[in-house]
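Report on the structure given below.
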Amino acid sequence: MTATAAKLVESLEEQMTEEFKVLNTTPSQFSFKNFLVYKQALSKITEHSTVFKPMLAGISSAYNSQITALHTSNTISNYDQDEKQLLTQADETIDTLNQRVKQLKATLANLDAENLNLTESIESMKELVADISAQSLLTEEDVFKNTVLDNMTLEQMTNVNLLSRELGKLEQSHQAMLEQQSSEFVMRDRFEEVRSLLFQKDEMKEARQEEILKLHQENPALKQLLEVLQSSEGLLFPEILDHVTGAMKTVGSLNKSQVVEFYDDEDPAKEKEAEVALAYIECLDELLRDGNFRAAAVHAANSPNGFLRTLSTIEEFKTLSQGEGGVSPLFVYCDILMETVPLYSIPPADQSFECVDAALKENRLDLIAQWIANQYLTLHRPIADSLLANCQCRARCDCESGTLALAVFRSIGEHEMSIYCFARQGALYRAVHYAKTHQLGSDKLLTLLRDIPSTDLAALLVLEEGLNVGEVLTCLQESHNDNIFISLLRLLDESNDLKTVLLNDTSPETVQWNEFVDLCVELGESDIGEELQGYIISADALNKAVDSLSSGPTD
């Protein structure tokens with residue numbers, strides 16, 4: 001081997017060694033990367049050879065063809081293997097999904113069956129309650145208590161999602177109360193007022209001390225009074241008052257009430273309370289400036305001794321613009337105010353109304369129902385009127401707002417509005433029964449018929465409550481309810497009750513029976529008009545006979 005050939009071989013060996021290191025392989029490893037290294041080395045040897053160049057070129061070409069075929073075969077094999085694995089996984093996934101579909105179908109079938117059973121149970125319970133109420137075995141209050149839990153219907157009490165949302169809200173409010181329980185503050189609009197009072201108190205205190213010192217110098221008798229007051233530290237106020245009364249016998253210019261006023265004005269505890277109130281004002285003012293309305297609401301609702309739970313606080317939150325999520329800061333404060341009622345006292349009527357009004361504007365009837373059920377509100381007529389005005393039902397009322405209005409009217413003893421709400425809900429029997437229970441009288445029932453006219457209510461008043469048919473017809477005629485007027489007469493005629501109610505009628509003479517006959521003929525009910533005309537003739541004849549007998553000679 002020549003020196004040039006030896007040098008070429010040595011150079012190739014070093015170069016191949018470096019490439020194996022870069023590829024992190026060994027010369028004996030069966031790898032396509034190693035084949036490429038050998039390919040490059042063989043190419044260089046072929047280039048530098050002269051005698052054996054044709055032979056080496058053939059070997060190099062065969063070598064290249066062989067490693068290319070091996071690489072292609074290996075790539076296709078790997079691809080086929082990967083595709084096979086993917087197909088296997090897809091088949092397994094399809095089988096799993098089919099099993100899951102079967103499970104879900106079975107679950108849905110079970111849920112449908114349970115839902116059907118619950119629906120049947122609810123309908124059975126409704127029928128049972130209606131039967132019990134109709135038989136008057138329970139009072140109206142008992143029926144209401146036994147069918148409502150925390151002012152929630154049976155459907156709401158079995159709604160897991162609704163109960164979960166309510167529980168989340170309660171937990172969130174409770175957590176907020178725990179976090180803010182140690183925080184204290186007052187309204188910023190009282191900041192200047194309290195600070196001014198403190199300055200005035202300091203000035204009055206200095207002026208009083210100067211006056212006392214002057215009087216002490218002019219009247220030695222006051223010295224004894226001051227010594228008694230100074231020596232009474234640590235005693236109860238009645239004991240101090242007794243000591244001072246004994247000393248006052250020698251002081252003619254002061255009476256007992258002046259001593260009490262003097263002691264109260266100099267009470268350091270009140271000064272401390274004023275200073276704490278001033279600090280609360282600064283804290284709340286900072287929260288409101290930062291726009292942290294919920295924290296501000298929690299602070300105001302949890303103020304010491306509830307001194308910020310006033311109407312002025314509500315008015316302050318009214319002036320604030322909506323916060324995050326478009327929720328009114330006033331509603332946030334009212335919600336927290338209601339949540340903290342067990343820790344303080346029930347808000348008065350004006351604050352209770354503002355809370356209900358704020359909840360109505362946010363369409364949170366669920367919260368109002370909860371407040372009423374928990375007796376967190378001072379219920380009065382404006383609250384009930386507001387709930388009734390919020391009802392948008394045009395015909396029969398079946399909304400929650402109307403139900404809440406009825407609950408408030410009943411709670412505050414507004415019996416006339418209670419029967420009105422019952423009638424709007426279609427509960428005519430309950431309305432009439434409620435009126436009878438609370439002795440409202442026939443005039444209130446006729447007013448109800450005038451406000452909510454219906455053939456069923458008119459028939460109920462005549463057939464069940466025994467009202468005179470003449471008075472009922474007069475009410476319908478005066479309120480221009482001609483259709484109900486003729487429907488009532490037609491119903492009584494078809495049920496063969498018309499003659500009976502006419503004979504039992506004791507309506508006053510002001511009832512215009514002839515006008516009733518004319519109206520029946522006008523509305524195409526000539527047969528009923530003739531029957532009414534016959535009743536009029538019979539009644540007149542009977543009255544004349546009675547008058548004749550009463551004015552005739554007596555034995």
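For residues 295-306, no residue pair satisfies the salt bridge (Lys or Arg N to Asp or Glu O under 4.0 Å) rule, not counting sequence neighbours.
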Where do M338 and I368 land on the side-chain contact (heavy atoms from CB on, under 4.5 Å) test, with the steps shown first?
CA-CA 10 Å; M338 290 292 103; I368 299 176; over 6 Å; no
For the pair E315 and K318, evaluate salt bridge (charged side-chain N to carboxylate O under 4.0 Å, His left out) and give the outcome as yes or no after the intermediate values.
CA-CA 5 Å; E315 295 296 334; K318 272 187 177 180; 3.8 Å; yes
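Using a 4.5 Å cut-off on side-chain heavy atoms (C-beta onward), Q370 and D366 make no contact. Counting heavy atoms from C-beta outward, E286 and D290 have side chains that approach closer than 4.5 Å. Within the 4.5 Å cutoff, the side chain of S418 has no heavy atoms near those of the H438 side chain. Annotation: side chain of R381 is in contact with side chain of F409 (closest heavy-atom distance under 4.5 Å). Annotation: side chain of L365 is in contact with side chain of L360 (closest heavy-atom distance under 4.5 Å). Annotation: side chain of L457 is in contact with side chain of V432 (closest heavy-atom distance under 4.5 Å).
Enclosure of atom CZ in R396 is not indicated, since only 12 or fewer non-hydrogen atoms of other residues, nucleotides or ligands lie within 6.0 angstrom. Heavy-atom contacts from other residues, nucleotides or ligands closer than 6.0 Å to CD of Q103 number more than 12.
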With a 3.5 Å cut-off and sequence neighbours excluded, list the donor-acceptor pairs that the side chains of residues 487-494 form with protein atoms.
unit_1	atom_1	unit_2	atom_2	d
S487	OG	N483	O	2.7
R490	NE	E525	OE2	3.2
R490	NH2	E525	OE2	2.8

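With hydrogens and angles ignored, the 3.5 Å screen pairs a side-chain donor or acceptor of Y344 with a backbone N or O of N302. No side-chain donor-acceptor contact under 3.5 Å links S352 to the backbone of L379.
Atom-to-atom distance recorded for R309:CZ and S345:OG is 6.5 Å, nearest 0.5 angstrom. Note that CG of L320 and CG of L330 are 9.0 Å apart. Values are rounded to the nearest 0.5 Å. The distance from atom CG of L404 to atom OG of S411, rounded to the nearest 0.5 Å, is 12.0 Å. A distance of 10.5 Å separates CD of E416 from CG of L445, quoted to the nearest 0.5 Å.
With no hydrogens or angles considered, a side-chain donor-acceptor pair links N481 and S479 at under 3.5 Å.
Using cut-offs of 30° and 60° for the angle between ring planes, the H380 and F353 rings count as perpendicular.
For F516, the ring pair (Phe, Tyr, Trp, His ring centres under 6.0 Å) partners at least two apart in sequence or on another chain are F485, W513.
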